[in-house]
Structures are given as structure tokens and as C-alpha cells.
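Numbering of residues begins at 1 and proceeds along the displayed sequence. Keep in mind the model is a prediction, meaning the values are calculated, not measured.
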Amino acid sequence: MEKPKRFQVSLKVIWGSSIALAVMASIPKLFDADSTPGDLIINSSITLLFSLFIWYYNIYSLPKFSSNRTTKSLFNWKLLLSVVLGILLMVILVIAHQELFQVSKMDAPIMFELRGVLINLIVYMFLHLLFQNYQTQQMGVELERTKAVNLGAQYELLKQQINPHFLFNSLNTLKSMVDMNDENSSDFILKLSDFYRFTLESRKLDLIPLREEIQILDSYVYLLKARFEDGFVLENEIDEKQYESVIPPFALQLLIENCIKHNVVSLDKPLKIKLYSEKDFLVIENPIQLKRGAIVSTGVGLDNINQRFMHLVHKEIEIDKNETTFKVKIPLIYDHRNN
């Protein structure tokens, strides 16, 4: 995971503010008739050096960024330590300038100390407000990064949710065909092999052309026909112009599987499913003929497909239901590449 960007303060801000404070500290001297250019230089240089020290000391004492950060008061022991060190430094600077420039008349030391405390408070509070804003931004970046990672993981799980019961039912159908010496057993094995080969090849992709999805669906329908015979009917009326669009792999298979799960499929009451295009949607329509004692749907299958569309293209599927018919409309996607 990418490390958070290190908190930095522009050199222009540090030096610009320090020079500005130095100039402001010298302004009163301009109105003092007894002041000399040397006095201006001394006042300015003391303030400049002190301001630079306060900036760099406070930047150095800032805590490292942590995603487990808790809100702390600006006024704590670090501020007290900064003020104490600032007072000591100001004393040192005043004494050093007196010795260096052999100045006998300077502002009272208390004036320098008060100026130093004021500068210290201004820099400290400004810097910590900047740092808190930086931490808030980094927390937001980390939160978005975590969401992206979680969404990616969830999407990978969604792609793996191919119902294992279908495999068990297919194997049971194959066993029955072999026991009855059904001549279509070999074709059934080949179609079952093709279907799971498609599964392995397509599971790594986010989207596949509708044309390929239909090929996968053909193998799947063949297996269903071997199991339900004429009790299952699929009518494909999709406009071929839509075949170059793309959809998440196995979206159609999951929708048809959902139809079979909740409805009666028998020779006496065949389940007829229609596929057709409607504007920029692909429609899967089936009559409602619920099984007796059917468990109330949890919506997991449809939610799976909806989440995949939301993750990839930020579009939702549409559900249209009345007393006799159930329709699911999935958006067809154009000009989209796999990641």
C-alpha cells in the first residue's frame, strides 16, 4: 500500500512569514528618533532567526501521521516546551547580539521575550491547524483507498458465485443418461466440459462481449434441456446489433438459474424464458409459476448481478414485475475495456 505523503510546509511560507515578522518588529524603530540603522538590523535579525527556529522546531516536533489518530487539544505539553525553549533562545539571541555588535542600548529584554512568545504562539497554532487539515485529508485518502480495496475484493467474490448445485445436478443427469445408455451422453459431457472451460476462461474478466456470453449460454441451455427436456424453453430474440456490447460474464446464466430456482419447470407446465433487447437494455422475461411451498426469495442472485454492474459501470439493473410476468432488465455496455 502506498505510504501517506509526508507533511511539508513550503519554504516560501517559512521564509516569507519570518521576513515579514522581522520587518514588522522593526517598524516601531522607524518612529524612534534615537534609532539607528544598526538598531533596525539588530531587531530584524533577532526576530528573523527566532522565527526560523520556531518554524523548524515545531515542524520537527509534529507527530507522524497515523490512521488511528485521535483528536488532541492544540494546547498541550509540546506547546509549553516550545514556549520555554523559545524564551531561552530569545535570551541567547539578545545576549549574542549585544556581544557581537557591542550595543549598549537595546529594547528591554522583556519586550523581546513577549515578542518571542507571541511569535511562538502564532507559528505553533498556524502550523498545527495546517497539520490537522493534512491529517484529515490523508484520512479521507486512506478511507477511499480502503473502500476501493474492499470493493475489489467483494467483486472478486461476486464473480465466484456460480451455483455449485448446478454442477451436482448436471452430474446426476449425466449418471442417469449413462445408466440408460443414452446416446447423447457424449454430447452432454462435451457441453459440460465446454461450459466449465468457458467458466475458467471468463472468470478473470470483468466484462465479455454479449456474443461470447450467448455462446456460454448455449452450452448451459443444452445441459438444462438434457435435464428438463421440453419442460424448459428459451427463446432468444436479441437483436444481433447488440451482440457487440459487453456484459459481466455469467450474468445471463445467473438470471436463468434464478428463474428455474423459483418457478415450476415440468413437461406439464414448461417454463418459457424470453431474451430480447429493448433500447439499451437486455430483457430476461419469464412467466410467474412459483413452486409450491417456495421459500421467499432473498434476492441474493439479483443483488449479485446488480452489484457487479454498479461496481463496473455505476448502473443498476431494473426489475419489472406484475401478477403474471417477471422481467429483469440489464444495461448493455458499450466502449468499455476490461481492466
Are the side chains of [X] and [Y] in touch, meaning some heavy atoms are under 4.5 Å apart?
| X | Y | answer |
| --- | --- | --- |
| I214 | R211 | no |
| L217 | I256 | yes |
| L271 | P287 | yes |

Tell me, please, which residues at least two apart from [X] pass side-chain contact (heavy atoms from CB on, under 4.5 Å).
| X | answer |
| --- | --- |
| P270 | none |
| F281 | E318, K329, P331 |
| D230 | K225, L267 |
| S266 | V264, D268, K269 |

For [X], which residues count as a side-chain hydrogen bond (donor to acceptor under 3.5 Å, both in side chains) partner, sequence neighbours excluded?
| X | result |
| --- | --- |
| E316 | none |
| T324 | N322 |
| S277 | none |
| Y276 | E285 |

Working to the nearest 0.5 Å, report the span between [atom1] of [X] and [atom2] of [Y].
| X | Y | atom1 | atom2 | value |
| --- | --- | --- | --- | --- |
| I238 | S245 | CD1 | OG | 8.5 Å |
| L282 | I247 | CG | CD1 | 6.0 Å |
| N236 | L252 | CG | CG | 9.0 Å |
| I317 | I330 | CD1 | CD1 | 8.0 Å |
| Y220 | K191 | OH | NZ | 15.0 Å |
| F232 | C259 | CZ | SG | 8.0 Å |

Should the pair K315 and F309 be classed as cation-pi, given the thresholds of under 6.0 Å to the six-membered ring centre and 45° from the axis?
no
Shared ILVMFWY cluster between [X] and [Y], side chains joined below 4.5 angstrom?
| X | Y | answer |
| --- | --- | --- |
| M310 | Y334 | no |
| I333 | I284 | yes |
| I319 | I260 | yes |
| L192 | L190 | no |
| L210 | V283 | no |

E213-Y243 side chain donor-acceptor pair, cut-off 3.5 Å:
no
For K327, is the NZ atom crowded, meaning more than 12 foreign heavy atoms sit under 6.0 Å from it?
yes
Before giving the answer on side chain to side chain contact (heavy atoms under 4.5 Å, CB included), spell out for L302 and L255 the whole-Å C-alpha distance, their side-chain angles and the decisive distance to 0.1 Å.
CA-CA 7 Å; L302 292 177; L255 288 170; 3.5 Å; yes
Less than 4.0 angstrom from a charged side-chain N to a carboxylate O is my criterion; do K274 and E237 meet it?
no
Can you sort out the partners of E235 under salt bridge (Lys or Arg N to Asp or Glu O under 4.0 Å), two or more places apart, ordered by chain and number?
none
Working note: K321 + I288, criterion side chain to side chain contact (heavy atoms under 4.5 Å, CB included); need CA distance, chi angles, decisive distance, verdict.
CA-CA 9 Å; K321 180 181 179 182; I288 296 177; 4.1 Å; yes
N263 side-chain N/O to Q289 backbone N/O, donor-acceptor pair under 3.5 Å:
yes
Extract all donor-acceptor atom pairs below 3.5 Å that involve side chains of residues 17-24 and protein atoms in other chains or at least two apart in sequence.
| from | atom 1 | to | atom 2 | distance (Å) |
| --- | --- | --- | --- | --- |
| S17 | OG | V13 | O | 2.7 |
| S17 | OG | I14 | O | 3.1 |
| S17 | OG | W55 | NE1 | 2.8 |
| S18 | OG | I14 | O | 2.8 |

Quick note, salt bridge (Lys or Arg N to Asp or Glu O under 4.0 Å) partners involving residues 170-179, not counting sequence neighbours, are K175-D179
Report the C-alpha distance between V265 and L224 in whole Å, list the side-chain angles of each, state the deciding distance to 0.1 Å, and finish with yes or no for side chain to side chain contact (heavy atoms under 4.5 Å, CB included).
CA-CA 11 Å; V265 185; L224 291 176; over 6 Å; no
Identify the two heavy atoms, one from L207 and one from P248, that lie closest to each other, and give their separation to 0.1 Å.
CD2-N, 3.5 Å
If you apply the rule side chain to side chain contact (heavy atoms under 4.5 Å, CB included), what do you find for Y222 with D187, and how did you get there?
CA-CA 9 Å; Y222 181 90; D187 290 337; 3.1 Å; yes
